[in-house]
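I have placed the structure first, in the form of structure tokens, so that the comments after it can refer back to it.
Source: prediction; values computed, not measured.
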2 protein chains.
Amino acid sequence: MTDEEKTYKTKKVITIGIVSELTGLSERQIRYYEERKLIFPERSDRGTRKYSFVDVETLMDIANQMEDGVRTFEIRQEMKKKPDEDKLKRSMIKGQLNAQFGIQKGLK
Amino acid sequence: MTDEEKTYKTKKVITIGIVSELTGLSERQIRYYEERKLIFPERSDRGTRKYSFVDVETLMDIANQMEDGVRTFEIRQEMKKKPDEDKLKRSMIKGQLNAQFGIQKGLK
DNA sequence: CGTGTAAGGAATTCTGACACG
DNA sequence: CGTGTAAGGAATTCTGACACG
């Protein structure tokens with residue numbers, strides 16, 4: 001991946017309304033995940049949040065985990081350990097994910 | 001370039017205020033270039049314009065040509081002829097660009 | 001804990017128009 | 001021709017809080 005392509009992925013230019021459309025999450029949820037330290041948008045001059053495509057992908061990953069009953073602090077801990085396996089995780093189906101990482105509460 | 005990377009470049013997710021910051025152009029200028037058929041943003045549900053990174057690059061290219069005195073209809077015609085040499089043109093310094101394409105009015 | 005909602009304010013975006021030239 | 005600006009309205013975003021549970 002070239003520097004230019006990397007910039008497209010990581011440059012924070014998307015407003016919360018569009019992130020909401022892209023992820024299907026409510027603005028409330030998106031702001032809450034920030035409060036829980038799962039995502040870190042930048043701020044424009046006058047305070048509006050700006051997200052990158054990577055943030056959008058992280059949010060979709062979070063959404064999947066929330067559906068599985070994972071709690072925010074557990075998601076945060078997983079992100080610390082494996083800061084860049086998001087792509088890997090996203091490509092796996094839920095069952096496989098659950099089995100491999102076992103990050104869900106008391107599953108088997 | 002993978003499909004995923006292509007999506008980052010072409011997906012229309014940036015609002016006009018941020019495009020303005022990114023390009024240094026006023027919102028007035030950006031809307032005017034649309035009126036002159038140089039860029040084609042999409043619209044969100046309720047009508048706000050949304051741009052891609054490619055649009056941002058096109059705008060920076062347009063800005064350079066405007067500085068050189070090229071007029072909007074001339075830029076539009078160049079874009080028709082060479083729909084994808086933007087990258088090439090952007091990488092050339094102005095003098096070279098002028099000499100090679102000669103699209104400026106009566107230079108020399 | 002995670003998320004919906006009403007609340008009020010501030011900032012954003014939109015369109016059509018007048019202005020200069 | 002290209003761009004600034006004032007105008008009024010509509011939509012966006014922000015924060016802190018109450019609610020449910």
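In this model, the phosphate group of C/dG4 is not approached by any side-chain N or O of A/Tyr32 to a distance below 4.0 Å at OP1 or OP2. Of the side-chain N and O atoms in A/Tyr33, none sit less than 4.0 angstrom from OP1 or OP2 of C/dG2. Regarding contacts with the backbone of C/dT5, every side-chain N or O of A/Arg28 stays at 4.0 angstrom or more from both OP1 and OP2.
Summarising the geometry, the separation between CZ on B/Arg76 and P on D/dG2 is reported as 9 Å, rounded to the nearest angstrom. Atom CD in A/Glu67 sits roughly 15 Å away from atom P in C/dG2 (whole-Å rounding). Regarding A/Met66, its CE atom lies at a distance of 11 Å from the P atom of C/dG4, rounded to whole Å. Following rounding to the nearest Å, A/Asp68 (CG) and C/dG2 (C1') show an atom-to-atom distance of 16 Å. Rounded to an integer number of Å, the gap from B/Glu34 CD to D/dG2 P is 15 Å.
Side-chain contact annotation: A/Thr58 with A/Asp55, donor-acceptor N/O pair under 3.5 Å absent.
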Where each pair must be Watson-Crick or G-U wobble with both distances under 3.5 Å, what dot-bracket representation of DNA chain C is obtained, with crossing pairs in [ ] and other-strand partners as |? .||||.||.|.|.||.||||.
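A donor-acceptor pair under 3.5 Å links the side-chain atoms of B/Glu74 to the main chain of B/Arg71, judged by distance alone. Of the possible polar contacts, none joining the A/Glu78 side chain to the A/Ile75 backbone as a donor-acceptor pair under 3.5 Å is found.
A pairwise comparison of heavy atoms in A/Lys9 and A/Ser52 identifies O-CB, 3.3 Å as the closest pair.
Checking each of A/Leu25, A/Ile18, A/Val19 against A/Leu22 for a side chain to side chain contact (heavy atoms under 4.5 Å, CB included) leaves exactly one that passes, namely A/Ile18.
The pair B/Glu27-B/Arg31 counts as a salt bridge, with a side-chain nitrogen and a carboxylate oxygen less than 4.0 angstrom apart. The pair A/Glu42-A/Lys11 fails the salt-bridge criterion, with no side-chain N (NZ, NE, NH1 or NH2) lying under 4.0 Å from an Asp/Glu carboxylate O.
Looking at residues two or more places apart in sequence or on another chain, you find a ring-ring contact (aromatic ring centres under 6.0 Å, His included) between A/Phe53 and B/Tyr8.
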Determine, for nucleotides 8-14 of chain D in 5'-to-3' order, which nucleotides have protein heavy atoms under 4.0 Å from the base (write B), from only the sugar-phosphate (write S), or from neither (write -). ---SSSS
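Between atom CG of residue B/Asp61 and atom CE of residue B/Met79 there is a gap of 7.5 Å, rounded to the nearest 0.5 Å.
Counting non-hydrogen atoms under 4.0 angstrom, B/Phe73 reaches nothing in the nucleic acid.
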